[in-house]
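Below is one structure, written out as structure tokens; comments come after it.
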Amino acid sequence: MQKPIMAVTGDETAATGDMPTYQIRAPTTALPQGVVMAASPGSLHSPQQLAEEATRKRELRLMKNREAAKECRRRKKEYVKCLESRVAVLEVQNKKLIEELETLKDICSPKPD
DNA sequence: GCGCTTCAACGTCATGTTGG
DNA sequence: CCAACATGACGTTGAAGCGC
């Protein structure tokens, strides 16, 4: 099953100049709770041990990716909220400018005599 | 109460990006 | 170059709302 190639736009900030904070990479050091480091590869021999090691690695990868996905969604929600509040501010600003323009038009328009 | 639709949150996979 | 990370895509699941 092939997936379509994703287009990488990178234009997230083009329109607004906002920082796409949800894309910022957080420094990660600590392992999630309950994660035990695997034995060093040098100490593995039997196919059984190799299989167990592969399983551990896979579970560790899945666990890390699960956490990464949660964090990614959290940042994205925050980013969308931020954009929405900016939209609200700009709409108010736009409305005020339109009103001001109408007022100025009234003042400047030639009066019929 | 029941089947349905919708929505949000989630887990996983595939793949792009980046630092060492 | 590669391991680790970030994120888009997709399927699943449970809760909430709605008409019957």
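Each chain gets a letter, A, B and so on, in the order its sequence line appears, and its residues count up from 1.
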Could you tell me the separation between the [atom1] atom of [X] and the [atom2] atom of [N], rounded to a whole number of Å?
X	N	atom1	atom2	answer
A:Y79	C:dG8	OH	P	11 Å
A:K76	B:dA8	NZ	C1'	14 Å
A:K57	B:dT12	NZ	P	19 Å
A:R75	C:dA6	CZ	C1'	7 Å
A:L62	C:dA4	CG	P	14 Å
A:R66	B:dA9	CZ	P	18 Å
A:R74	B:dC10	CZ	P	12 Å
A:K70	B:dT12	NZ	P	10 Å

Margin query: I'd like to know if A:N65 reaches the base of C:dC5 with its side chain, counting only an N/O donor and acceptor under 3.5 Å.
Written below: no
- Message: Is there, by distance only and without an angle test, a donor paired with an acceptor across the side chain of A:R73 and the base of C:dG8 below 3.5 Å?
- Response: no
Requested in this report: Would you kindly say whether A:Q48 and A:E52 are connected by a side-chain donor-acceptor distance under 3.5 Å?
Outcome: yes
Across all chains, not counting sequence neighbours, the side-chain contact (heavy atoms from CB on, under 4.5 Å) partners of A:E84 are A:V80
In short, A:S85 meets A:C82 closest at the heavy-atom pair OG-O, 3.0 Å
So, does [X] get its side chain near the phosphate of [N], meaning an N or O under 4.0 Å from OP1 or OP2?
X	N	answer
A:R61	C:dA4	no
A:K64	C:dA4	no
A:K77	B:dA9	yes

Donor-acceptor contacts under 3.5 Å from residues 92-109 of chain A side chains, at least two apart:
{"residue": "A:T103", "atom": "OG1", "partner": "A:E99", "partner atom": "O", "Å": "3.0"}
{"residue": "A:S109", "atom": "OG", "partner": "A:K105", "partner atom": "O", "Å": "3.4"}
{"residue": "A:S109", "atom": "OG", "partner": "A:D106", "partner atom": "O", "Å": "3.1"}

